[in-house]
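Since the structure comes first, as structure tokens, the remarks are kept for the end.
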Protein chains: 2
Amino acid sequence: MTGIKFLAQQLNVSIGTVSRALNGKPDVSEDTRQRVIAAAAAMGYAPNQAGRSLRRGNTNAVGFMIELGSDTGRNNDNFFLGVFDGVQATLARHHLDLIVLPCPTDEDPTQYVQRMIARRLVDAMIISATHRKDTRIDVLRDARIPFITLGRSATPGTHPWIDLDFDGVARRAVDRLVAAGHRRIAVAVPSNDINLGFIFLDGYRNALAANGLSFEPELVFRVPSSEQGGYQLGHDLCAMANRPSAVVLNYELLALGLYRRLDESGLTPGIDLAVIGFREGPVSRFLSPTLTCFRLSLRDLGIALGEALLASIPAYADVYPQGIVRRIWPMELVPGESDRA
Amino acid sequence: MTGIKFLAQQLNVSIGTVSRALNGKPDVSEDTRQRVIAAAAAMGYAPNQAGRSLRRGNTNAVGFMIELGSDTGRNNDNFFLGVFDGVQATLARHHLDLIVLPCPTDEDPTQYVQRMIARRLVDAMIISATHRKDTRIDVLRDARIPFITLGRSATPGTHPWIDLDFDGVARRAVDRLVAAGHRRIAVAVPSNDINLGFIFLDGYRNALAANGLSFEPELVFRVPSSEQGGYQLGHDLCAMANRPSAVVLNYELLALGLYRRLDESGLTPGIDLAVIGFREGPVSRFLSPTLTCFRLSLRDLGIALGEALLASIPAYADVYPQGIVRRIWPMELVPGESDRA
DNA sequence: CTGAAAGCGCTTACAG
DNA sequence: CTGAAAGCGCTTACAG
């Protein structure tokens, strides 16, 4: 005798009436509805999700999968928390909850996704850090679960995605450096097969070409997306006979390790080496010199992700009639002191 | 016709037999068990969690609540991701899943907890960033849900907790600075009523007293736990007529803003002002000068959190016979260059 | 406007 | 060793 049964007994009505009153169904007298709502609030009643899910066939929850093991997961600074906030703002409008699903380090991400959707823990999913070939997409597509990816992938599908403008950032960074007179411009990209690395590198190559500069493989540095990776980048740069005069980073925290390594060699960012970082974060503003980078609103990105996901779910398609969203998220240049050289 | 029913029909057995086979019940012939397991794997069957939860009365999931809105939440995802990993390592041994529950910015945390447990989304909870008075604890206690807090609180209860050694860190930092000759030592604590601030400040006061130094209120700086807060701290320090020679931080990222602000005034950490940070992270190692701080293994902390939580759940108490854990988590000093002054 | 009843997908005593 | 059946807590056609 718990839950709705107990509540119904207290009020001397049937459980059906309680359910209808609480779910805002029209065919309940206003008086009864008020009594039920008051009693529910008083005893802190909320419907058991298992019972509701089983009956309705949905969970009213959206899952956001993150990976704990990878570089990209572990070093994301404040990226995800900001995005979660925005996603939730969208979901809250529809009384949906966001549940974050952290894939264990030692579990295969694809298997994890499979397990979560087979258990019907969530109605829809958001996956991030897409790889060039990403089998999670295959699993989600085959399961016919609504999903959106934060990041493009070469794995085909008709799913929606939103991705940061890696291409545009790389191009504008190169253009800006060329305009300032730089001719030997290095680039740092991830050492794993996360898709954004390929896009960033393409943007870099295209920008070089557009500026009449030749692409030199020795100026491409593949380093882990972490402060340590930045340190390694600095180390490699310092060891070069013919050091480039500028470097474009694909991840903002690389700057921290890079700055440190340059300092150890008596070099100053912005004077001895122009640096353009990636995403603006608290770190970029408080480094000395401040980091030239690109701004975006994580919350707005999260809001858009949530909306694009809902747009792909038939039940919400009329509220968000945008169809299948595939969108490059713009980022705005924030000039700093690090590329004055 | 889905799920277990479909599977049973394919195999020409009853759904009861399928369930028993998959759940490792003894009274199933080995031959049948193998056939069922093979078929389940082939069609990617996993029991619908709603059906299972409803019947069993549990969810096999543990919730870890984080707050997106607060300073403490927003600036800590490197902290949490490491802890999640450890918690999951413990839970995985028992086929329990970790589900992260991010409380929306605009929802009251206590109400959020109430809603999550009333819905029976998880069997047990971990809450973090405990406040001095924390009504979430009251709600969880009243609901008789097993839970553990990452952080102590003045709110009473018989629940387990694990907390970082804020007291010990503050004392050792002061002792170390005094040993190096410092007499005017400032401290930075959070500007909100998160409990760790009170503990840290107490440790600082006690250490001053133990070293025969008097406590001066003007040397206590209440700043937000963020890079910006560190910048503000630097600003306040630079404005003082009689500047302290050292400062102890309660949050590692304060160092970043502090370094920047000192730099703007032509001051160098470790020369003009000794700085001892809090938790060792990638940032502390790559700052110039490197930050003297304190080390802990986030994964081990997470493992211990998971174990202590399970120890408080009757069904697991025999595996983890440690009773109600209330434990101060030790942190190890990592000398850096920032307190050489 | 309200109640009685079916049924969502499971697990588990209970028969046989 | 296996099947038939009850029942977990809900929601929702269906009667009245």
Side-chain angles (χ1 to χ4, degrees), chain A residues 1-37 39-40 43-61 95 115-123 143 315, chain B residues 1-37 39-40 43-61 95 115-123 143 315:
Chain A
M1 177 72 77
T2 55
I4 200 172
K5 237 183 206 159
F6 179 73
L7 189 53
Q9 187 181 281
Q10 293 292 308
L11 291 163
N12 258 313
V13 292
S14 72
I15 59 167
T17 299
V18 171
S19 174
R20 281 187 293 260
L22 257 25
N23 285 302
K25 300 286 172 185
D27 48 357
V28 182
S29 77
E30 202 41 42
D31 174 58
T32 307
R33 186 188 306 281
Q34 291 310 327
R35 279 177 58 221
V36 172
I37 289 173
M43 69 176 267
Y45 170 80
N48 176 311
Q49 191 55 41
R52 179 176 252 182
S53 293
L54 195 52
R55 173 60 222 234
R56 283 204 179 150
N58 67 24
T59 64
N60 281 326
H95 302 288
R115 200 159 59 84
M116 290 302 129
I117 61 186
R119 285 178 58 179
R120 310 259 140 206
L121 210 61
V122 293
D123 295 334
Chain B
M1 178 71 78
T2 55
I4 200 171
K5 235 182 205 160
F6 179 73
L7 189 53
Q9 186 181 282
Q10 293 293 308
L11 291 162
N12 258 316
V13 293
S14 71
I15 58 166
T17 298
V18 171
S19 175
R20 281 188 294 260
L22 256 25
N23 285 300
K25 300 286 173 185
D27 48 358
V28 182
S29 78
E30 202 42 41
D31 173 58
T32 307
R33 186 189 304 284
Q34 291 311 328
R35 278 178 59 223
V36 172
I37 289 174
M43 70 176 265
Y45 169 81
N48 175 312
Q49 190 56 40
R52 179 177 250 180
S53 292
L54 194 53
R55 172 61 222 234
R56 282 201 178 154
N58 67 25
T59 63
N60 280 327
H95 302 288
R115 200 159 60 83
M116 290 302 129
I117 61 186
R119 285 178 58 177
R120 309 259 142 205
L121 211 62
V122 293
D123 295 335

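Note: hydrogens, waters and symmetry copies are ignored here, and every other heavy atom, side chains too, is used. The sequence lines fix the lettering, A, B, ..., with proteins before strands; numbering per chain opens at 1.
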- Message: With a cut-off of less than 4.0 Å, is there a side-chain N or O of A:T32 near OP1 or OP2 of C:dT2?
- Response: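 Checking C:dT2 against A:T32, a side-chain N or O does come within under 4.0 Å of OP1 or OP2.
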
- Could you verify whether a donor N or O on one side chain and an acceptor N or O on the other, from B:R119 and A:N60, lie under 3.5 Å apart?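 Short answer, no.
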
In whole angstrom, what separates [X]'s [atom1] from [N]'s [atom2]?
| X | N | atom1 | atom2 | answer |
| --- | --- | --- | --- | --- |
| B:M43 | C:dG9 | CE | C1' | 13 Å |
| B:E30 | D:dC1 | CD | P | 9 Å |
| B:R119 | D:dC8 | CZ | P | 22 Å |
| A:N48 | C:dG9 | CG | P | 17 Å |
| B:R35 | D:dC1 | CZ | C1' | 13 Å |
| A:N58 | C:dC8 | CG | P | 16 Å |
| A:L7 | D:dC10 | CG | C1' | 13 Å |

- Message: Do A:L121 and A:T59 make a side-chain contact, defined as non-hydrogen atoms from C-beta onward lying under 4.5 Å apart?
- Response: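 Side-chain contact under 4.5 Å: no.
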
- Under a 4.5 Å cut-off applied to non-hydrogen side-chain atoms, are B:R20 and B:T17 in contact?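 SC-SC contact between B:R20 and B:T17 confirmed.
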
- Task: Mind checking the CD-CD1 spacing from B:Q9 to B:I15? Nearest 0.5 Å is all I need.
- Result: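 Between atom CD of B:Q9 and atom CD1 of B:I15 there are 12.0 Å.
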
- Task: Sort out for me which residue in B:D31, B:I37, B:V36 forms a side chain to side chain contact (heavy atoms under 4.5 Å, CB included) with B:R33.
- Result: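 Checked B:D31, B:I37, B:V36 against B:R33; only one passes side chain to side chain contact (heavy atoms under 4.5 Å, CB included): B:I37.
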
- Message: So if I define the base as every atom that isn't primed, P, OP1 or OP2, how would nucleotides 11-16 of chain D read as a B/S/- string at a heavy-atom cutoff under 4.0 Å?
- Response: BBB---

- Query: So which heavy atom on A:S53 is nearest to which on B:A50, and how close?
  - Reply: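 Shortest heavy-atom contact: CB-CB, 3.6 Å.
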
- Watson-Crick or G-U counterpart of D:dA13, or none if no pair lies under 3.5 Å: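 In the structure as shown, D:dA13 has no Watson-Crick or wobble partner.
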
- Item | Watson-Crick or G-U wobble partner of C:dA4, both distances under 3.5 Å |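 In the structure as shown, C:dA4 has no Watson-Crick or wobble partner.
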
